[in-house]
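Working notes for the structure below.
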Amino acid sequence: MTDLQKNSRLRVFEVLETIASKDLQINYKAAVPFVHVAYELICQWDDAFMKEQKWFQDCWSTQEWQFIILFDEKFESILEGIPNEEYPDVPEVFDDKNWIKVMRYAQDALVKFQSE
């Protein structure tokens, strides 16, 4: 595995972990108060998950790829219900049913990766 692939895997896990964790999102907001955390994490996922790139696909086992694709599909389906503006930020976003689903999907994906 190349350094690019290793770094890309790490980045995917970092983003998933932050999406999955209320505490990490609160800490993110405290560290960078001017950033809208939910929108930032959506953008970070889009940047980290390069599903069309062959080199990116090759850094995952078949099972891992299934986990990550499932998360991405669920995430994308939820994003349709998240408006481009006036969406709540941390901490109010934790009361939003769509964001709670996204967090659960990320948590589920991480559990699957740990059991792999």
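- A heavy-atom distance below 4.5 Å is not found between the side chains of Phe56 and Leu4.
- With contacts defined as side-chain heavy-atom distances shorter than 4.5 Å, the pair Leu16/Phe71 qualifies.
- For the pairing with Trp99, the side-chain contact (heavy atoms from CB on, under 4.5 Å) check across Leu41, Val37, Ile78, Val90 returns one residue only, Leu41.
- Side chains of Tyr87 and Asp96: a donor-acceptor N/O pair is present below 3.5 angstrom, by distance only.
- Side-chain contact between Phe113 and Phe67: present, with at least one pair of heavy atoms (C-beta onward) separated by less than 4.5 Å.
- Each of Asp3, Asn7, Thr2 was evaluated against Gln5; a single residue qualifies, Thr2, per the side-chain contact (heavy atoms from CB on, under 4.5 Å) test.
- Rounding to the nearest 0.5 angstrom, the gap separating the OH atom in Tyr105 from the CD1 atom in Ile19 is 13.0 Å.
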Does Gln44 form a side chain to side chain contact (heavy atoms under 4.5 Å, CB included) with Thr18? I'd like the steps, not just the answer. CA-CA 10 Å; Gln44 286 183 16; Thr18 305; 5.7 Å; no
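- Between Ile68 and Asp72, the closest side-chain pair of non-hydrogen atoms is not below 4.5 Å.
- Cluster membership check: Ile26 shares its hydrophobic cluster with Ile42, using side-chain heavy-atom separations under 4.5 Å among Ile, Leu, Val, Met, Phe, Trp and Tyr.
- For the pair Val111/Asp108, no side-chain contact is recorded, criterion being any heavy-atom separation below 4.5 Å from C-beta on.
- A salt bridge links Asp58 with Lys54: at least one charged nitrogen is closer than 4.0 Å to a carboxylate oxygen.
- Between Gln66 and Trp60 the shortest side-chain heavy-atom distance does not fall below 4.5 Å.
- Residues Phe13 and Leu110 have side chains in contact (heavy-atom distance under 4.5 Å, counting atoms from C-beta outward).
- You'll find the side chain of Val32 stays beyond 4.5 Å of the side chain of Glu40, heavy atoms only.
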